[in-house]
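Given the structure is predicted, the values throughout are model-derived calculations rather than measurements. The chain is numbered in sequence order, starting from 1.
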Amino acid sequence: EREALAQLNLKAGSKARSSTAYAAARIYLQTGIELLTANCWQSQHELTLNLYVAATEAAYLNADFDGMEQLAERVLQKARTILDKVKIYEIQIAALTAQSQMLEAIAVARDALLQLGVELPTEPDETKISKVLQNLANQQSGKRIEELVDLPVMADAKTQAAIQLLGTLFPPVFLGMPGLLPILSSMMVSLSIEFGNAPASTVGYAIHGMVLCAFLGEVEMGYGFGKLAMNLLDRFNIRALKATIPAFFGSFIQHRQEAIGATIPTLKGSYTAAMETGDFLQSGYSILNYLESKFFGGVELDTWETEIASYSAVMTQAKQYSARDYLEMMQQTVNNLRKVGILSDCLIGTAYDETVMLPKHHQNNELTAIAKTYVYKLLLAYSSGNNTAALDYILQAKPYLMAISGLIQVPIFHFYAALTYLAIFPTKPEPEQSEILALAETHQTILQQWAKNAPMNHLHKWYLIEAEKSRVLGNKADA
């Protein structure tokens, strides 16, 4: 009778979780655990495992990270196979990422993947990157990207688990060790070509699309992989991935060939799907990129500024501190732009304080946060005419640009960097001017590459730089 009651509580808890009633789910699952026998891991192993795994996820969804970790450790000690442990590793990775512990999240995944026979390098390495890309090119030889949608369904359980785990790694790798991304995406696509498509293959194709666009300059091919991911998502119709795949596509790929405005409904849809499935980690990054598309896409501030505070409060409630910090950084930038009088490039105010947050970002290895902070500061410094500070922010941002690869901040950075160098050009002695002009043209050339693939987003910025260059060189008619 107690076992039957425990089964009923597991069923009720699972139903409550699916309905996003996370507090209720936790109560049902805890009640189910209390109904188990003393030697439950031996006599009721499957039921015990299912209750503990579900309770671990419920603790995470209720933002009780300590309780989650205690339950997770119990499962990892008692589970009989690596396949029984995979869901626990996924929850741990999500929880560590939500708490800005990116390197720790990657370490958990690396340990789990080794148990599945997949080796993830500890550091990005040019030789390893070249090798995996070459291996993938050999595998893909003769296959068109769109044909990969018709690969057979992956049958091997361990490979399915491995590709699923690799798919959860994108946020911590992108935010904490972006040099690993080409290896991560190539491994996932390679596993799909060799063993067939699994639901997580959609994530691999989307990450690879981003890598091709952002790292390898293969924008058309990258867009092709992005569309492949979206098409395969329709085939599998997996509810949880309806948040993840549009997030990749909207944040990293879509704006490379379509108007920035087209990403706004894509990313809002991703946020809604993430909230409906309890994927709070993804919901935070989706809503952030949605708001950044509005900000950098030129949508009138008055029509959406209040959304920043609203979504920031949602992220605080869900204990998604990483996403909340980014939203508060944006809020402070907007506050500075709104301030009557002198425009400040210091992100210090009611929403965000760079003197507190920048050291924290460095401590947590949040490379993306550091890069975004300096891009915002560069925008503010140039806009306020503080060219000395703007020059400093260009130098501060450069080492971290890899951590915003593929995001809309990249062309924004090069736009304001070029304009900053042109602004100081007339103030420099003649021998230095050619060097300053060359620096401006370097940034303009990078922007031109973006404009070539998405002229609707960037060509006007290239022309503005060209006009400013003509002006400072005295060619006013050309300007």
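- For the pair D234/M230, no side-chain contact is recorded, criterion being any heavy-atom separation below 4.5 Å from C-beta on.
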Take E220 and Q257, measure what side-chain contact (heavy atoms from CB on, under 4.5 Å) needs, and give me the verdict at the end. CA-CA 8 Å; E220 279 188 38; Q257 296 223 299; 3.7 Å; yes

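- Looking at N457, its side chain does come within 3.5 Å of a backbone N or O of E258 through a donor-acceptor pair.
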Using side-chain contact (heavy atoms from CB on, under 4.5 Å), reason through I308 and W304 one step at a time and then give a plain yes or no. CA-CA 8 Å; I308 308 175; W304 63 273; 3.7 Å; yes

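- Side-chain atoms of F280 and M275, non-hydrogen and from C-beta on, do get closer than 4.5 Å to each other.
- Distance check: T263 OG1 to K268 NZ gives 13.0 Å after rounding to the nearest 0.5 Å.
- H208 pairs in a ring pair (Phe, Tyr, Trp, His ring centres under 6.0 Å) with only one of the listed residues (F225, F248, F170), which is F225.
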Does S286 form a side-chain hydrogen bond (donor to acceptor under 3.5 Å, both in side chains) with Q282? I'd like the steps, not just the answer. CA-CA 6 Å; S286 293; Q282 183 60 69; 3.0 Å; yes

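- Checking side-chain atoms of Q115 against main-chain N and O of I82 turns up no donor-acceptor pair under 3.5 Å.
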For K319 and D64, what are the C-alpha separation, side-chain angles and deciding distance, and is it a salt bridge (charged side-chain N to carboxylate O under 4.0 Å, His left out)? CA-CA 9 Å; K319 294 196 178 179; D64 176 9; over 6 Å; no

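- Residue Y271 forms a ring pair (Phe, Tyr, Trp, His ring centres under 6.0 Å) with just one option from Y285, Y290, Y311, and that option is Y311.
- Remark: side-chain polar atoms of S141 are not paired, donor with acceptor, to backbone N or O of A137 under 3.5 angstrom.
- Taking CG from L191 and CE from M154, the interatomic distance works out to 6.0 Å, rounded to the nearest 0.5 Å.
- With rounding to the nearest 0.5 Å, the separation of NZ in K128 from OG in S186 is 14.0 Å.
- In terms of heavy atoms, L233 sits closest to P246 at CD2-CD, 4.1 Å.
- Among all heavy-atom pairs drawn from P359 and E354, the shortest one is CD-O, 3.6 Å.
- Atom NZ of K15 and atom NZ of K11 lie 8.0 Å apart (nearest 0.5 Å).
- Between S270 and A243, the closest heavy-atom pair is OG-O, 2.6 Å.
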What's the verdict on side-chain hydrogen bond (donor to acceptor under 3.5 Å, both in side chains) for Q99 and E104, showing C-alpha distance, side-chain angles and the deciding distance? CA-CA 10 Å; Q99 296 170 90; E104 291 86 343; over 6 Å; no

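- Residues S100 and S322 share a closest heavy-atom pair of OG-CB, 3.6 Å.
- Shown are L96, T97, I91; of these, the side chain to side chain contact (heavy atoms under 4.5 Å, CB included) with I93 is made only by T97.
- Note on R338 versus E305: salt bridge recorded, some NZ/NE/NH1/NH2 to OD/OE distance being below 4.0 Å.
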As a quick check of understanding, evaluate side-chain hydrogen bond (donor to acceptor under 3.5 Å, both in side chains) for T168 and E90, giving each step before the final call. CA-CA 7 Å; T168 64; E90 287 176 20; over 6 Å; no

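- Panel note: side chain N365, backbone L103; no donor-acceptor pair is recorded below 3.5 Å.
- Salt-bridge annotation for D325 and K360: present, with a side-chain N of the basic residue lying under 4.0 Å from a carboxylate O of the acidic one.
- No salt bridge links E146 with K227; every basic N to acidic carboxylate O contact stays at or beyond 4.0 Å.
- Under the 3.5 Å distance criterion, the side-chain polar atoms of N62 are matched with a main-chain donor or acceptor of Y22.
- The aromatic ring centroids of F252 and F174 lie less than 6.0 Å from each other.
- Side-chain atoms of T202 and R235, non-hydrogen and from C-beta on, never get closer than 4.5 Å to each other.
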What verdict does the side-chain hydrogen bond (donor to acceptor under 3.5 Å, both in side chains) test give for D66 and Q70, after you've listed the backbone C-alpha separation in whole Å, the side-chain angles of each residue and the deciding distance to 0.1 Å? CA-CA 6 Å; D66 291 338; Q70 286 171 16; over 6 Å; no

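- The closest donor-acceptor contact from the side chain of S201 to the backbone of A198 lies under 3.5 Å.
- Looking only at side-chain heavy atoms (C-beta outward), L380 and L347 come within less than 4.5 Å of each other.
- Atoms OH and CG, from Y326 and L291 in turn, are 15.0 Å apart once rounded to the nearest 0.5 Å.
- Between P178 and P182, the closest heavy-atom pair is O-CD, 4.1 Å.
- By the 4.5 Å heavy-atom criterion applied to side chains, L136 and I193 are counted as neighbours.
- Looking only at side-chain heavy atoms (C-beta outward), T48 and R74 stay at 4.5 Å or farther from each other.
- When all heavy atoms of L47 and A6 are compared, the closest pair comes out as CD2-CB, 4.0 Å.
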Output, in order, the C-alpha distance, side-chain angles, deciding distance and verdict of side-chain contact (heavy atoms from CB on, under 4.5 Å) for E3 and L35. CA-CA 7 Å; E3 184 168 331; L35 287 163; over 6 Å; no

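- In this structure the side chain of I404 reaches within 4.5 angstrom of the side chain of L401, judged on heavy atoms.
- Here the CD atom belonging to E57 is positioned 11.0 Å from the CE atom belonging to M68, to the nearest 0.5 angstrom.
- Between Y223 and F249, the angle of the ring planes lies from 30° to 60°, which puts this pair in the tilted group.
- In this structure, E119 does not pair ionically with R110, as no charged nitrogen and carboxylate oxygen lie closer than 4.0 Å.
- The backbone N or O of A403 lies less than 3.5 Å from a partner atom in the side chain of T368, making a donor-acceptor pair.
- At distances below 3.5 Å, not a single donor-acceptor pair connects side-chain atoms of T159 with backbone N or O atoms of A155.
- Judged purely by distance below 3.5 Å, without hydrogens or angles, the side chains of T20 and E276 never pair a donor atom with an acceptor atom.
- Although no hydrogens or angles enter the test, the distance criterion places a donor-acceptor pair under 3.5 Å between the side chain of S344 and the main chain of C346.
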What do the steps show when you test T333 against F295 for side-chain contact (heavy atoms from CB on, under 4.5 Å), and what is the final call? CA-CA 10 Å; T333 303; F295 183 75; 4.2 Å; yes

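- K78 forms no cation-pi arrangement with Y52, by the criterion of a distance under 6.0 Å to the ring centre and an angle within 45° of the ring axis.
- Using a 4.5 Å heavy-atom threshold, the side chains of Q134 and Q139 count as separate.
- Under the 3.5 Å distance criterion, the side-chain polar atoms of N39 are left unmatched by any main-chain donor or acceptor of Q42.
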